[in-house]
Visitor: 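First, the structure itself, so that you have it in front of you.
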There are 2 protein chains.
Amino acid sequence: MPPIKLKSSVPTAAAKRQHKAAAKAATQAKEKPRPLTRIQREKQDIILEAALDVFSLHGFRGATIDQIAEVAGMSKPNLLYYFPRKEEIHRRLISELLVTWLAPLREMDADGDPFPEIRSYIRRKLEMARDFPRESRLFANEMLQGAPRIIEMIEVDLKNLVDEKAAVLTTWMDQGRIARTDPYHLIFSIWATTQHYADFDVQVRAVLGPSRGGEGRFEDAARYLEQLFLYGLTPRSKR
Amino acid sequence: MPPIKLKSSVPTAAAKRQHKAAAKAATQAKEKPRPLTRIQREKQDIILEAALDVFSLHGFRGATIDQIAEVAGMSKPNLLYYFPRKEEIHRRLISELLVTWLAPLREMDADGDPFPEIRSYIRRKLEMARDFPRESRLFANEMLQGAPRIIEMIEVDLKNLVDEKAAVLTTWMDQGRIARTDPYHLIFSIWATTQHYADFDVQVRAVLGPSRGGEGRFEDAARYLEQLFLYGLTPRSKR
DNA sequence: AAGAATTTTGACCAGTTGGAAAAATGTTAG
DNA sequence: CTAACATTTTTCCAACTGGTCAAAATTCTT
């Protein structure tokens with residue numbers, strides 16, 4: 001008897017096992033995970049897309065599987081065939097997110113010039129706020145709830161990366177190339193100001209009004225933030 | 001027959017009418033709203049407190065009446081006696097919030113000196129992030145969801161206030177007392193940087209670690225933000 | 001084309017949700 | 001004290017929740 005595939009005469013059971021096998025593969029190391037079919041990849045993508053819509057708008061608890069299934073254009077049981085639990089969908093979204101989310105900071109190069117590096121970091125973050133607002137909101141939602149599902153990732157991966165980049169900033173300060181200030185709070189303020197344009201988009205648009213709240217607002221924000229981080233509010237005459 | 005009180009022999013109906021009367025008082029202008037009893041005021045406060053806990057953590061959809069009732073230490077129907085619907089509680093919280101939330105900006109005085117005024121505005125906002133993090137999160141949650149329940153307030157009250165203060169800032173710029181920059185985005189950046197310490201508190205604490213993530217973080221943030229808005233990152237040697 | 005595997009569907013379920021109704025219990029002004 | 005009112009509890013409900021299951025439909029492999 002080949003113990004590899006564990007085929008069963010009951011198709012459903014086999015399908016379910018497939019999922020569990022994929023999950024357990026790392027620990028069991030016996031069953032081959034069997035690569036995903038084309039349909040599986042496609043449908044999973046559709047589901048994740050829909051879930052991003054819903055989770056980013058209502059948070060984990062406020063989102064329902066039915067809603068996600070509806071947006072994804074499939075029945076609830078069908079959705080649950082691909083992701084056996086709600087949490088699984090969320091976990092996937094979050095962990096994929098964290099990687100792309102931190103990419104801009106990762107790119108900040110210790111060997112580059114401080115101001116161009118910081119400037120393009122701000123720019124990249126702002127572009128992400130513009131191009132991936134749902135991702136930003138998903139992240140914000142998770143934070144607001146105390147990050148129950150990603151606290152370890154925050155405490156380890158995120159912290160390590162920030163520690164590393166804070167050290168880079170400190171070096172630049174030691175070399176007198178940027179003003180001496182708190183590198184951690186500097187990073188926080190870049191996060192806060194850029195993500196604000198995704199997370200509080202409604203407010204920004206409402207306050208700017210129809211005349212200035214159009215797509216140009218991101219260009220205005222970029223210009224403003226650049227000046228803020230470069231010179232602050234001290235007038236030119238006194239600089 | 002006195003049309004004032006509309007007493008009914010059914011006590012429940014009378015009690016319910018009381019609520020509706022209070023709500024309709026403005027439009028009907030006929031029935032006296034009848035002042036709240038001591039117990040009503042106390043219980044409503046307890047409920048609003050509990051609701052703030054729950055709503056700020058889970059958002060409107062993610063929060064349940066049962067949960068709020070439990071935190072408030074009363075039964076669900078009892079809670080519903082004071083606030084006949086979930087939305088009512090939320091609406092009350094939000095509208096009360098908006099007043100106190102904008103107070104610091106309101107205090108920014110056109111006749112004062114620009115830098116002290118801006119500095120103490122930042123300080124006050126940061127103190128609110130420290131002392132009322134739940135309020136901040138409630139607001140953030142609402143924004144993330146597109147502010148469905150307060151969009152008019154944002155578009156009218158908030159916008160008007162910001163327009164007014166932006167004009168003040170512009171005047172200061174015209175007088176050369178602060179650097180010329182976008183006053184709206186300046187206000188956005190103050191909001192973003194200060195509220196970050198309430199809304200993303202978990203992240204801030206996790207990244208700073210146990211050594212620097214204690215209560216002192218708000219003092220550090222205040223110092224950092226003051227420098228940022230004053231001078232930006234330009235080193236002293238080049239200022 | 002047939003058999004095996006995968007995908008989709010429909011019926012179902014137990015627990016939770018927001019809320020209604022009414023009865024039971026307190027409180028208070030006259 | 002007692003009637004009128006205010007508050008609380010008990011019971012109930014229909015809709016929704018996350019999730020299961022077996023059968024049916026489809027797709028893939030040979």
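Below, read A as the first sequence line, B as the second, and so on, with proteins coming before strands; counting in each chain starts at 1. Since we're looking at a predicted model, the values are computed, not measured.
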Visitor: Quick one: which of C:dA20, C:dT7, D:dG18 gets closest to the side chain of A:Lys86?
Guide: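 Nearest nucleotide to the side chain: D:dG18.
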Visitor: Please identify which of these residues, B:Glu127, B:Arg123, B:Arg124, meets the side-chain contact (heavy atoms from CB on, under 4.5 Å) condition with B:Pro104.
Guide: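 Only one of B:Glu127, B:Arg123, B:Arg124 forms a side-chain contact (heavy atoms from CB on, under 4.5 Å) with B:Pro104, namely B:Arg124.
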Visitor: If you count the non-hydrogen atoms of other residues, nucleotides and ligands that lie under 6.0 Å from CZ in B:Phe132, is the total more than 12?
Guide: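 Result for CZ/B:Phe132: open.
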Visitor: Look at the side-chain N and O atoms of B:Tyr82 and state whether any lies under 4.0 Å from the OP1 or OP2 oxygen of D:dT8.
Guide: yes
Visitor: Can you tell me if B:Tyr81 touches the phosphate of D:dT8, counting only side-chain N or O atoms and a distance under 4.0 Å to OP1 or OP2?
Guide: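 B:Tyr81 to D:dT8 OP1/OP2: no side-chain N or O under 4.0 Å.
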Visitor: Does the B:Glu135 side chain pair with the main chain of B:Trp101, one donor and one acceptor, at a distance under 3.5 Å?
Guide: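 Side chain of B:Glu135 to backbone of B:Trp101, a donor-acceptor pair under 3.5 Å: no, none is there.
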Visitor: Can you check whether B:Gly214's main-chain N or O pairs, donor with acceptor, with B:Arg217's side chain at less than 3.5 Å?
Guide: yes
Visitor: Expressed as a whole number of angstroms, how long is the span from A:Phe60:CZ to D:dG18:P?
Guide: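 These atoms are roughly 8 Å apart.
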Visitor: For B:Phe83 and C:dA20, what is the distance between atoms CZ and C1' respectively, to the nearest whole Å?
Guide: 19 Å
Visitor: Rounding to an integer number of Å, can you tell me how far B:Glu42 CD sits from D:dT8 P?
Guide: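 It works out to 10 Å between those atoms.
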Visitor: To the nearest Å, give me how far apart CZ (B:Arg41) and P (D:dA6) are.
Guide: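 Computing the B:Arg41:CZ to D:dA6:P distance gives 14 Å.
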Visitor: For the pair made of CD1 in A:Ile89 and C1' in D:dG18, what is the distance, rounded to whole Å?
Guide: 11 Å
Visitor: Nearest whole angstrom, please: distance from the P of D:dC16 to the NE2 of A:His58.
Guide: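 Spelled out: NE2 on A:His58 to P on D:dC16 is 15 Å.
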Visitor: Round to the nearest Å and state the distance from A:Ile47 atom CD1 to C:dT7 atom P.
Guide: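 Computing the A:Ile47:CD1 to C:dT7:P distance gives 11 Å.
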Visitor: Using a cut-off of strictly less than 4.0 Å between a heavy atom of the residue and any atom of DNA chain D, enumerate the qualifying residues of residues 61-78 of chain B by number.
Guide: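 Result for residues 61-78 of chain B: B:Arg61, B:Ser75, B:Pro77, B:Asn78, sorted by number.
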Visitor: Hey, are A:Arg41 and A:Asp45 close enough for a salt bridge, meaning a charged N less than 4.0 Å from a carboxylate O?
Guide: no
Visitor: Nearest whole Å is fine: how far is D:dG19 C1' from A:Glu87 CD?
Guide: 14 Å
Visitor: Is A:Lys125 reaching over with its side chain to a backbone N or O of A:Ala192, donor-acceptor style, under 3.5 angstrom?
Guide: no
Visitor: Strictly below 4.0 Å: does B:Arg85 bring a side-chain N or O up to OP1 or OP2 of C:dG19?
Guide: yes
Visitor: Ignoring hydrogens and geometry, is there a side-chain-to-backbone donor-acceptor pair from B:Lys43 to B:Tyr82 under 3.5 Å?
Guide: no
Visitor: If you compare every side-chain N and O of A:Gln40 against the phosphate oxygens of C:dT7 (OP1, OP2), does one of them come in below 4.0 Å?
Guide: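 A:Gln40 to C:dT7 OP1/OP2: side-chain N or O found under 4.0 Å.
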